[in-house]
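Presented below is the structure to which this report refers.
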Amino acid sequence: MADSAPDVEKYLQAQSAKSTLRFLTCGSVDDGKSTLIGRLLFDSKLIFEDQLAALEADSKRLGTQGDEIDFALLVDGLAAEREQGITIDVAYRFFATDQRKFVVADTPGHEQYTRNMATGASNADVAVILVDARKGVLTQTKRHSYIVSLFGIKQVVLAVNKMDLVDFDEAVFQAIVEDYRKFAAVLDGFEITPIPLSALAGDNVMQASQAMPWYAGVTLLEYLETVQVTEGLAEQPFRLPVQWVNRPDLDFRGFSGTIASGTVKPGDDVLILPAGTSSKVSRIVTFDGDLPSAGPRQAVTLVLEDEIDVSRGDLIGSASDPSQISDQLGVHLLWMHEEALFPGRQYYLKTGTRTVPCVVTDLKHKINVNTLETQPARKLELNEVGVGNLSLSERIVFEPYERNREIGSFILIDRQSFATVGVGLFDFSLRRAENVVWQTLSVDKAHRANIKHQQPCVIWLTGLSGSGKSTIANLLESALHDLNRHTYVLDGDNVRHGLNRDLGFTEVDRVENIRRVGETAKLMVDAGLITIVSFISPYRSERQMVRELLDEGEFIEVFVDTPLEVCEQRDTKGLYKKARAGEIENFTGIDSEYQRPENADLVLHTEAETPEDSAAALLQFLAKLGIVQA
Amino acid sequence: MASNNSDPLDLETLDLKNRTKLDVANGLTHLQQLEAESIHIMREVMAESDKPVMLYSIGKDSSVMLHLALKAFYPSKPPFPLLHVDTTWKFREMIEFRDKRVAELGLDLIVHINAEGVAQGIGPFSHGSAVHTDVMKTQGLKQALEKYGFDAAFGGARRDEEKSRAKERIFSFRNAQHRWDPKNQRPELWHIYNGRVRQGESIRVFPLSNWTELDIWQYIYQEAIPIVPLYFAKKRPVVERDGMKILVDDDRIPLATGESPREELVRFRTLGCYPLTGAISSTAADLPAIIEEMLVTRTSERQGRAIDHDESSSMEKKKQEGYF
């Protein structure tokens, strides 16, 4: 057999030069989709004799084509599907011609299987949308086209099937094409190639149809063999989501992952996001030796020049053109689970190699996949598409989906069952500032705290006006100062004279007021200070927001619990009087709500004790936490 | 698209010269793409599961999967053990190959044999293929996964092998009873895989899902991956059983009185339990010859396996019950 080697060698070379095209077929039960795929497999001689024998037997038993072979039976894999004659799940098929290798995602057409279609579309380069020549463009055709367009497929074949049943009439074909073009005009960048065919008889599938001499275009297979798919991934900036830290021994530390876009070579400057640390690539390591450069879809291991902290979920990317990072994102969602999506419920979001908790904060509308009309929505049911906002518990690296499918996509995972319940596409960040990469400074919070020999924190005093917050804050700061602690007090009234001068007392302004103070307090903690904040801060959600801004244990919520009557009686600044007289609006406790803390770290009852007692109790509490020595 | 041009093969509008631009743009060949995808899948499992294991069946697909694992984690060794569920009826050459390969690579190998099955004397000749496969293979696998508490197991199955596999996910979720529910699979989009499981649940992962049999052989050739010699044609003693050529691998095979094995030039397209695996007549003694034979073959590879023939959905049933 030795003489066969050169031939095989030649053959293998030809094989490796082939490109791969992944395409999706969509259409409904009766459009002849499975028949078409069966025909492609059969005509490209990928059906083996034993499969053919089983197919012939099955055709007689279950087939719909009399004694003829029913190609659909070859493709519909699951027993339930064969019995019901429908395609339920996505099936992947493989065939090859002299030009290309093909991966076909065969997807079901019914509305209740929109999620399966989306699954097939997510990895496809081209879509073949089947239309029955007798029926023309139907609701389902529009639905399939919308899903295909949503998932970023630009090249579409409008396969007008069953031409044999309309006497191969050109007018019928032209009318359908015109109808479809009119509809598809609203879909982004669709490149439509209409082909009249008969999958059953094979007309215009592989062989040009003798029955349709009026058609001068390509056959389906010619199209699939020659269509240009230019993703342009190589031209985009370099992105590698880190999958796994490769550490065989103390001498080697590499970061393994698949390149999502761009190219990389040793010496390239890179930025690690979301941390913002920078380094240079020193090696591109593979089993087959170090590479001089690597590009999209290659699975590699990068070694960096500097010993910096990089872990799974981080993104190593181009330093000159970094990705966006955000924790607030506008997205498209496709719901995939029987249990509906409700805004406010928590899910895990997985994008690339990163998993973070998230909440859909706002569902703007859903899109009727049949008419493309938007409708108001309070929840998203199985197979529904919606547009909304996501809030993540940590900042993530992302790209808009239309730019990069791999980094622009995500799945949502149920926190109890761990089922994949939804998928989505990132559209844009809701925050402008997130394009700004965080400056990593070489002296950090720990260094600053160490030099002061203290543990920085925020002591957040909340309570009604007149409850004694400022007095206690002042006494506490004096006491801490005496203990050589470095402190600062942020007082509500004082801050409103400067930083927050532009804010009023409406709910929106109060929220912004607290956000700014929270961020300021965070900077002070970063500077190593024990920061005392004395603010009414009436809303639970904003106090929670500040808590989440800070690290675990840094936020100490102290509720200065003084009954409204007592505060009003004290009325040290005469404000309650004015509020009662209607001279001040939105006054907390009078005509604006105060939400009592439910889990304050410490509650002070100033009604029954002097401010000195309260300050002493607070100091004692700080000693217990180890913030000061007892 | 219709025009007055009467030439039905008018390709003027298409740029045929640039038909391989897709490849050039990505710089990756077909096999490189498949390789990169499999490596990505393996790393994802490693990063997300607590206790992964690789099911090593010693066949050509397992050989490719192991080779990909060496690549995926290099310069680290594959950070998980190999598990071989030994039915005690494997070809002797398979066991020799297994032990040699594992020793060469310095990997951890767990061999599990269903002791209850052995105690009951279960075997393909005495109990038939269905009982034997269920007890020694399916039950044996479940025992092993439970015994060691593996929450993710790599398998070498491919989607082109069989119709129900064409619809199985790459990350295939199994409940605490190891059952696969084909109607309730986790959606799998892009290259985002959800490998999260609760206590007792597990995932089976198929990194070779998108490879075809021809891809496997091409890759073995390209990468010079060692495989069991049974894949190459050689004179071997065989007997006829149910229309299959069965290798007389040891003296446990019952011979009819007066029956004696014939020496025939045969090889195997798949490997399993020797009494259930049919040999094919072939002269293909090296990889180019095997590939050449593949290209002209008209019989799919699963035909050599006795367990698929009972009924056309038999594989789907076995998988629901926990067969790999």
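By convention in this document, chain letters (A, B, ...) are assigned in the order of the sequence lines, proteins followed by strands, and residues within each chain are numbered from 1.
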What part of [X] lies closer than 4.5 angstrom to a heavy atom of chain B: side chain, backbone, both or neither?
| X | value |
| --- | --- |
| A/Glu406 | side chain |
| A/Thr263 | neither |
| A/Lys101 | side chain |
| A/Arg354 | neither |
| A/Val421 | neither |
| A/Arg405 | both |
| A/Asn204 | neither |
| A/Thr286 | backbone |
| A/Tyr92 | both |
| A/Gln210 | neither |

Closest-packed option against chain B by number of heavy-atom pairs under 4.5 Å, given A/Val103, A/Thr353, A/Asp288 |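 With the most close heavy-atom pairs to chain B, the winner is A/Asp288.
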
Considering only heavy atoms and a distance below 4.5 Å, find which of A/Ser256, A/Ala124, A/Gly254 pairs most often with chain B.
->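 So the answer, after comparing A/Ser256, A/Ala124, A/Gly254, is A/Ser256.
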
Relative to each other, are the rings of B/Trp190 and A/Phe151 parallel, tilted or perpendicular (30° and 60° limits)?
->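 The rings of B/Trp190 and A/Phe151 lie parallel, inter-plane angle below 30°.
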
Heavy-atom proximity to chain A below 4.5 Å, by part of [X]:
| X | value |
| --- | --- |
| B/Ser38 | neither |
| B/Leu31 | neither |
| B/Leu214 | side chain |
| B/Asp215 | side chain |

Begin with the C-alpha distance, continue with both residues' side-chain angles, and end with the deciding distance and a verdict on salt bridge (Lys or Arg N to Asp or Glu O under 4.0 Å) for A/Arg312 and B/Glu44.
-> CA-CA 10 Å; A/Arg312 172 172 167 84; B/Glu44 208 53 18; 2.7 Å; yes

Kindly confirm or rule out a cation-pi arrangement of B/Arg196 over A/Tyr348, judged by NZ or CZ under 6.0 Å from the six-membered ring centre and within 45° of its axis?
->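 Yes, a cation-pi geometry holds between B/Arg196 and A/Tyr348.
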
Find the one option among B/Glu37, B/His191, B/Lys77 whose heavy-atom pairs under 4.5 Å with chain A are most numerous.
->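 That would be B/His191.
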
Going through the distances and angles, do B/Trp211 and A/Phe94 end up as a ring-ring contact (aromatic ring centres under 6.0 Å, His included)?
-> CA-CA 9 Å; B/Trp211 294 60; A/Phe94 308 86; over 10 Å; no

Look only at the side chain of A/Asn123 and the backbone of B/Leu189, and say whether a donor-acceptor pair between them is shorter than 3.5 Å.
->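 Here the side-chain-to-backbone pair does not exist.
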
Look at the side chain of B/Asn194 and the backbone N and O of A/Phe418, then say whether any donor-acceptor pair between them is shorter than 3.5 Å.
->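 Confirmed, B/Asn194 side chain pairs with A/Phe418 backbone.
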
